[in-house]
Amino acid sequence: MEYNFTEIERKWREYWKKHDTYKAVIDKSKPKYYVLDMFPYPSGAGLHVGHPLGYIASDIFSRYKTLKGFNVLHPMGYDAFGLPAEQYAIQTGTHPAITTEKNINKYREQLDNLGFSFDWSREVRTSDPKYYKWTQWTFIQLFNSYYCNQAQKARPISELVKIFASQGTKGLDLACTDDLSFTADEWNSWDEKKQQQVLMNYRLAYLADIPVNWCPKLGTVLANDEVVDGLSVRGGYPVERKKMRQWSLRITAYAQRLLDGLNTVDFPEPVKDIQNNWIGRSEGASVFFEIEGRSEKMEIFTTRPDTIFGVSFMVIAPEHDLALSLATDEYRAKVEEYVTWAKNRSDVERMAEKKVSGQMTGSYAINPFTKEHIPIFIADYVLIGYGTGAIMAVPAHDSRDFAFARHFNLPISQVVAKEGAEIVPTEQWTESFDSKDGILMNSDFLNGLRVKQAIKAMNDRIEEMGIGKRKVNYRLRDAIFSRQRYWGEPFPIYYKDGIPYPLDESKLPLELPEVDKYLPTETGEPPLARAKNWCTSEGYKYETSTMPGFAGSSAYYLRYTDPHNDEMIFSPEAVNYWQNVDLYIGGREHATGHLIYSRFWNKFLYDLGLVPNEEPYKKLINQGMIQGRSNFVYRVSSFEKMAEYKVWQLLKDKKLGVEFKQDYKDGKRRFDFYCDEKKILIEIKREHSLEKVAEAYSEYAKDKGYRILLISIFDVMNRIDVVEQKIKDLVAGGDVPEFEEGEAFVPINLFISKNIPGREEFTVPIHVDINIVSNDILDIEKFRQWRPDFNDAQFVLEDGKYICGWEIEKMSKSMYNVQNPDDLVERYGADTLRLYEMFLGPVEQAKPWDTNGIEGVARFIKKFWRMFHDEDNNFCISEEKATPAELKTLHNTIKKVTDDIERFSFNTCVSCFMICCNELGKCNKREILEPLCVLISPYAPHIAEELWHEFGHDTSVTKAQWPEYNEAYTKETTFTYPISFNGKMRFNLELPLDMDPKQIEETVMANDLTKKYTDGKQVAKVIVVPKKIVNIVVKG
RNA sequence: GCCCUGGUGGCGGAAUAGGUAGACGCGCUGGACUUAAAAUCCAGUGAUCAUUGCGAUCGUGCCGGUUCGACCCCGGCCCGGGGUACCA
């Protein structure tokens, strides 16, 4: 009798459910610990083995922390709004809510199968009105807030109204779209509409005409992180730049705090790097250049003000306000043409083609230091969205400016030189010198300074002269928050006289209305415009776009602390107890999206005084991707090539006594094989081809004095011995008929096992379902049934088996390498799957899925079970006292497992359990096995729970205590020293631990084996590292 | 291009602080049990040479350095994976 995992696992899952084992309640007598998984979008495909990897890790950690006496919050929910359900709705008319519900149920079933310790009473779904009420509520708070740069904090907009009324913009430093300046009198004189327009310039959620990523195929706008290489991440459709009126979140106001916060959290270094780059802080200066003959000035941003003496032209972006007005009559037509061309280029085109392009405007700027008049160009290598959309070009020290200058034949002048390097005229340069440090030259008062000093000196001078100031720029853009989509949160906004107003909080949630179709209207409005009565009771129209995917996921971790609260987003009591997330596990792909948005969202709520921490996640772990391991079968693609290969095996290496050449070229003709010595030509073809050409070949051979043999594929495949005899006869000079008519070869579905020689030459690999392959051996019967076109398949086997090839690829349906966790749970049980997923390797590392190894873990579980049971599967435990050796094994295991879980090294824990069992052998003592049962329970909760109850406990193993490590049991009195010579280990020597280095050295040197290795050589030095190693350095 | 990661047997991986490289598992080979198979158990398993025994040499992507001693630290390169790209 063996361990019946199916029944036992089901039993305990039911028990946990019935007893609310994993329900978390506030308990101030215990320290809290918050473990969070990135909640999934419930896709129709369900889970594959890659998804649960992170969940298993977090579950182990949660269970461990609970056993260590923490009150653990470990919730789960669904990121339920999203494009796939909506696309499906468009195609089929099924309401996305129905699709989503169905998918969630499937997910839940799969998750339940794995025995996770989630507190499901706290489940949230972003598409649930009770949940998105608070997403909408937060949006209203953002709408009603502005950001004060001086206080570095969000403040209520009502406060700003008061300030404007009393002092205008004087003395204020606010995060805004445009730098406005007005007096109190001006403000007070404006009507409501004008005042609201001005306030929009400051709101943290604001409406503005901005260039957006418009995806015509999806009919919506996308955020920057939803676009990759000019294509939408979902669907891969082209995206174009377009100016549209959109809701945005002023995340840029928080750029510095988002950057600073990274130093306070424990995230993987790459994630911090990605966020750092995404935010992209650069320190520089904004400088105003006068324009020849005009009153307005041109503002540029540069990080290298020290190079201003090397400026030889200016460049502005095609979308720049001055672009057209700077064009002189002479250049107007060309400028207009260029601007139109540049604006209409899609991102995809721009990325594909990186040719230098640009257009002279005819206008000139004046260098404030050299007073030189320098031409102003328009070029699309300058981006309107960064800095001021205008630059001073320093071709000697910037690769893009250099390329531009060379293309338009503009002067290049060097102003920085590498210390001590020879000065080469710039005409001879092939690339710019992008010097981050060096010595200034040709730069008046900066000459001789180092770059760093020069930047400071120049910044000081610029500010003194009043022509500019120091400035920090960020690459980060405000987050576009509108989607022209149905399946998302409606904005709690209505329009009165064209001005947006927030809905009264008492009216929340504003529920998603029913629509007849999930498509835009004929006039191009979003789907919500189709809804009947999509307006307030007073008749004011609601906003018709919906919120993006990241809206609902930005604060879900907070809602989990108090998920059913209808009065407020969460109670202060709940959030102050549970605080922020201690451990967050999820994929790296969220580094620039969700993780930045939710950090921003959290900081905003922190500013409002609602949450106690500035950062939402203390520690982040990225689980690595599980790649698919595809299997291949090799189908014969050319029987002619296969036949040629077979015959060549008979001929090559003078096997018949004479040398044959393969693929022999005779004038314009080509033959498969040729023997010069015997003047023999051999050609292999299909029967009917041979019939056609037999005569021609025959004549040709006669003319040239060759003997020829035409062989049909059929003969090679079915009568190779006859073919061989013919060739032998021919070589021996016998009279062999050139061509004998025979049967036609009917091509078959033939598959060649991987290691059959020559296979590569005549087969093509075909993906085969990994579920009909085991240890790379194909189940031939299942293969025949797998696809109708294979049911007549025939095989060339090796050792009676068909061996498949394999490759590591992405896990995907089309490659037939998707491993479904349910199948494995059915075959091996959830505990085994959990252990195996951890055993595969470090959680953070990407690794291929390979079912081959799971047997080993399954064996371990069975072995573990047998330690507690006799041959008849009866629980059989001894109350005998444990031996010192057994206690040592147990306590070494306690120490190792505890340490490894603490450092999230889950894979080595599994090895440790195996080693422990191997060492304990047949030990069945309670004193050892009871703690071991608790130790393994985070990994294999079902079997642990069963054994725990068999031990006679009537409460769950999850309520047990983590075993305490006792050093006394593992203390050693001796250490086996590796004795090495010049760093090479030669033998071991067991010595008492209390022996001092001097004594050790003496003992080792006196040893016979040591003498053997030092014989005839001079001992230069002996290194003794207590409890580590002895190294003897010998010379000669 | 730039930034980050990783590179160890046939395979997944271990070596936590510079100190016995290859733990544990898979696979493979041989054996035990069995009428047989499965399951289970035992032994072996980095490479090469020597195998009559002791063994010897090489070996953590490549080249070099530091050190008594390097998978680990330093310098230079090669390859795989991810991010990002006219960000001035």
Side-chain angles (χ1 to χ4, degrees), chain A residues 2 228-229 268-278 280-282 284 300-304 307 315 350-351 354 356 379-383 385-394 397-401 403-404 434 473-477 588-589 591-592 622 624-625 627 629 775-776 806 808 835-836 839-842 844-857 859-860 862-863 866 896 899-900 902-903 905 907-916 918 976-988 1012 1020-1025 1027-1034:
Chain A
E2 282 206 334
V228 171
D229 294 337
E269 222 42 56
V271 172
K272 290 200 215 178
D273 286 336
I274 291 170
Q275 293 209 3
N276 252 314
N277 296 337
W278 190 262
R281 177 190 161 103
S282 53
I300 59 100
F301 174 74
T302 178
T303 55
R304 293 296 300 275
T307 60
V315 187
R350 275 189 48 184
M351 278 173 210
K354 280 182 184 166
V356 176
D380 67 354
Y381 81 89
V382 172
L383 305 177
Y386 187 77
T388 59
I391 62 152
M392 59 176 216
V394 187
H397 305 294
D398 180 287
S399 61
R400 297 149 302 178
D401 297 345
F404 194 84
D434 297 320
N473 244 313
Y474 299 92
R475 208 190 72 124
L476 184 72
R477 302 292 142 80
R588 182 158 304 170
E589 66 275 16
T592 52
N622 292 126
M625 226 202 356
Q627 297 143 314
R629 186 181 187 276
N775 289 344
D776 294 334
W806 59 271
I808 303 302
L835 279 162
Y836 185 58
F839 189 59
L840 232 33
E844 303 213 25
Q845 212 168 289
K847 56 213 154 240
W849 177 259
D850 186 348
T851 315
N852 291 350
I854 199 169
E855 301 279 353
V857 175
R859 242 167 259 164
F860 162 73
K862 281 187 225 159
K863 198 167 158 186
R866 279 199 302 270
K896 172 100 176 120
D899 289 353
D900 285 0
E902 289 281 358
R903 65 188 179 100
S905 174
N907 53 328
T908 50
C909 285
V910 182
S911 305
C912 187
F913 290 133
M914 291 174 172
I915 294 168
C916 176
N918 291 345
T976 306
Y977 280 90
I979 312 300
S980 56
F981 296 82
N982 292 338
K984 230 168 249 172
M985 205 280 278
R986 292 300 177 184
F987 62 93
N988 286 308
K1012 186 185 143 196
K1021 207 175 183 183
V1022 178
I1023 285 134
V1024 177
V1025 185
K1027 244 196 138 178
K1028 281 265 154 68
I1029 201 166
V1030 177
N1031 190 22
I1032 298 156
V1033 186
V1034 290

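Labels below follow one simple rule: chain letters A, B, ... track the order of the sequence lines, proteins then strands, and each chain is numbered from 1.
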Just by protein heavy atoms under 4.0 Å, how would [range] read 5' to 3' in B, S and -?
{"range": "nucleotides 19-24 of chain B", "answer": "BB--BB"}
{"range": "nucleotides 46-51 of chain B", "answer": "------"}
{"range": "nucleotides 1-8 of chain B", "answer": "---S----"}

* To do: Quick one: pull up CZ in A/Arg281 and CG in A/Asn276 and give me the separation to the nearest 0.5 Å.
  =>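 Output value for this atom pair is 10.5 Å.
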
* Range-with-range stems for RNA chain B, at least three Watson-Crick or G-U pairs under 3.5 Å -> B:1-7 with B:78-84, B:10-12 with B:24-26, B:27-32 with B:40-45, B:46-49 with B:55-58, B:61-65 with B:73-77

* **Residues which pass ring pair (Phe, Tyr, Trp, His ring centres under 6.0 Å) with A/Tyr836, listed by chain and number, not counting sequence neighbours** =>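 Testing A/Tyr836 for ring pair (Phe, Tyr, Trp, His ring centres under 6.0 Å), a comparison that skips the adjacent residues, returns A/Trp849.
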
* Quick one: which residue pairs count as a salt bridge (charged side-chain N to carboxylate O under 4.0 Å, His left out) with a foot in residues 845-857 of chain A, not counting sequence neighbours? =>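 Found A/Arg629-A/Asp850.
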
Which residues share a side-chain contact (heavy atoms from CB on, under 4.5 Å) with [X], sequence neighbours left out:
{"X": "A/Asp398", "value": "A/Arg400, A/Asp401"}
{"X": "A/Ser399", "value": "A/Ser432, A/Asp434"}
{"X": "A/Ala591", "value": "A/Val271, A/Ile274"}
{"X": "A/Ile1023", "value": "A/Lys1021, A/Val1025, A/Asn1031, A/Val1033"}

Please write out each protein N/O paired with an N/O of nucleotides 64-67 of chain B under 3.5 Å, distance rounded to 0.1 Å.
none

* Report the residues that fulfil salt bridge (charged side-chain N to carboxylate O under 4.0 Å, His left out) with A/Lys896, sequence neighbours left out, ordered by chain and then residue number. => A/Asp900

